[in-house]
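Working notes for the structure below.
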Amino acid sequence: MVPASAGSLKISEIFHSLQGETRTVGIPTVFVRLTGCPLRCHYCDTTHAFSGGQRWTLEAIRDEVRRYPVRHVTVTGGEPLAQPACLDLLRMLADEGYEVSLETSGAFPVDQVDSRVVRVFDLKTPDSGEVHRNRLDQLPLLTMRDQVKFVIMSEADYAWAVAVCQEYDLPSHCEVLFSAAEGWLAGRPLAEWILRDGLPVRFQIQLHKILWGDETGR
């Protein structure tokens with residue numbers, strides 16, 4: 001067993017699949033899923049990553065990623081930034097020449113994330129139960145390389161997300177993604193609200209759920 005240290009991370013799984021969301025949807029990608037998350041969103045679909053996992057050295061993670069014929073790597077969770085050594089992993093993967101993205105909950109600062117990494121900042125809506133966790137002070141740091149994601153559970157969530165987009169003028173300096181929370185809101189009403197209001201956002205459906213359902217490791 002690898003001891004806990006600044007040079008290791010607790011990993012839930014590493015797998016090869018198609019990117020199911022975000023700007024690179026459909027592109028073959030290696031996913032590095034870190035264990036642990038301090039949030040408990042009502043719609044969470046990765047509760048298996050809350051605990052367990054195995055500790056890996058950063059070098060072992062890099063070597064596992066090298067096994068796959070891809071140039072895109074997504075570091076996700078859980079909440080990756082809950083483990084400080086995640087920053088070192090992101091830097092290492094970028095140094096390897098990968099196109100790296102980080103999926104983070106919006107509850108942690110992202111100012112120390114390597115500038116080569118695409119930050120996908122998943123803001124929590126009121127119905128998620130974790131809206132108080134949002135680090136809204138980080139939004140001005142995002143650039144057009146980065147993305148802000150809203151998982152919408154209701155029309156009230158939608159109105160809240162629209163208000164945040166307007167208050168922080170998000171579409172002018174980063175890409176904005178709206179998703180319907182599976183099991184809580186169908187995709188069609190959300191699509192119709194976006195069209196009705198002429199929002200400059202990207203509507204997305206989870207491609208991996210369409211292809212493989214709730215299988216983990218896909």
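Given the structure is predicted, the values throughout are model-derived calculations rather than measurements.
Here the closest heavy-atom approach between residue Ile27 and residue His72 is recorded as CG2-ND1, 3.5 Å. The shortest heavy-atom contact between Val70 and His16 is CG1-NE2, 3.4 Å. Between Ala49 and Gly78, the closest heavy-atom pair is CB-N, 3.7 Å. In terms of heavy atoms, Arg119 sits closest to Asp146 at NH2-OD2, 2.8 Å. Contact record, Leu81 with Cys86: CD2-SG, 4.1 Å, taken as the closest heavy-atom pair. Residues Pro84 and Ala82 come closest through the heavy atom pair CD-O, 3.6 Å.
The aromatic ring centroids of Phe178 and Phe203 lie 6.0 Å or more from each other. Residues Tyr43 and Trp184 place their aromatic rings such that the two centres sit no closer than 6.0 Å.
Going from atom CG of Leu199 over to atom CH2 of Trp193 covers 11.5 Å, rounded to the nearest 0.5 Å. Once rounded to the nearest 0.5 Å, the distance linking SG of Cys174 with CD of Gln147 reads 9.0 Å. We find the CD-OG distance between Gln206 and Ser179 to be 6.5 Å, quoted to the nearest 0.5 Å. Between Thr57 atom OG1 and Arg55 atom CZ the span is 11.0 Å, to the nearest 0.5 Å. The distance from the CD atom of Glu21 to the OG1 atom of Thr24 is 10.0 Å, given to the nearest 0.5 Å.
In the hydrophobic cluster analysis, where Ile, Leu, Val, Met, Phe, Trp and Tyr join through side-chain heavy atoms closer than 4.5 angstrom, Leu93 is grouped together with Leu9. Criterion: ILVMFWY side-chain heavy atoms under 4.5 Å apart, direct or through other members. Under it, Val151 and Phe50 are not part of a common hydrophobic cluster. The same ILVMFWY cluster, assembled from side-chain heavy atoms under 4.5 Å apart, contains both Ile11 and Val117. No continuous path of hydrophobic side-chain contacts links Leu39 to Ile152 [ILVMFWY only; heavy atoms under 4.5 Å]. A single hydrophobic cluster is seen to contain both Leu34 and Met92, as judged by linkage of ILVMFWY side chains at heavy-atom distances under 4.5 Å, directly or through other members.
Taking the charged nitrogens against the carboxylate oxygens, Arg62 and Glu59 have no contact shorter than 4.0 Å, which rules out a salt bridge. Electrostatic pairing of Arg196 and Glu192 does not count as a salt bridge here, judged by no charged N lying under 4.0 Å from a carboxylate O. We find that Arg33 and Glu13 are joined by a salt bridge, their nearest charged nitrogen and carboxylate oxygen being less than 4.0 Å apart.
Asp157 places a side-chain N or O within donor-acceptor distance of the main-chain N or O of Asp127, the cut-off being under 3.5 Å. Remark: side-chain polar atoms of Arg23 are paired, donor with acceptor, to backbone N or O of Arg145 under 3.5 angstrom. No donor-acceptor pair closer than 3.5 Å links the side chain of Asn134 to the backbone N or O of Leu136. Between the side chain of Gln83 and the backbone N or O of Lys10 there is at least one donor-acceptor pair closer than 3.5 Å. Looking at Glu64, its side chain never comes within 3.5 Å of a backbone N or O of Ile14 through a donor-acceptor pair.
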### Message
Before you tell me yes or no, could you show the steps for Leu89 and Leu58 under side chain to side chain contact (heavy atoms under 4.5 Å, CB included), namely the whole-Å CA-CA distance, both residues' side-chain angles and the distance that decides it to 0.1 Å?
### Response
CA-CA 6 Å; Leu89 175 64; Leu58 301 187; 4.1 Å; yes

### Task
Please assess Val100 against Arg116 for the test side chain to side chain contact (heavy atoms under 4.5 Å, CB included), listing each intermediate value before the final yes or no.
CA-CA 7 Å; Val100 183; Arg116 296 168 292 180; over 6 Å; no

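Sorted by first and then second residue, the pairs that involve residues 34-47 and meet salt bridge (Lys or Arg N to Asp or Glu O under 4.0 Å), not counting sequence neighbours, are Asp45-Lys209.
Two residues are said to be in side-chain contact when any heavy atoms from C-beta on lie closer than 4.5 Å; Leu142 and Gln138 fail this criterion. The side-chain heavy atoms of Phe121 and Leu170, taken from C-beta on, include no pair separated by under 4.5 Å. By the 4.5 Å heavy-atom criterion applied to side chains, Val162 and Cys165 are not counted as neighbours.
Below 30°, between 30° and 60°, or above 60°: for Trp160 and Phe150 the angle between ring planes is above 60°, a perpendicular geometry. Using the six-membered ring where Trp is involved, Phe31 and Phe15 have ring planes that are parallel, under 30° apart on the 30 and 60° scheme.
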Could you pull out every donor-acceptor pair under 3.5 Å between side chains of residues 101-111 and any protein atom, sequence neighbours left out?
unit_1	atom_1	unit_2	atom_2	d
Ser101	OG	Thr74	OG1	2.8
Glu103	OE1	Thr76	OG1	3.0
Thr104	OG1	Glu79	OE1	3.1
Thr104	OG1	Glu79	OE2	3.0
Ser105	OG	Glu79	OE1	2.7
Ser105	OG	Ala107	N	3.2

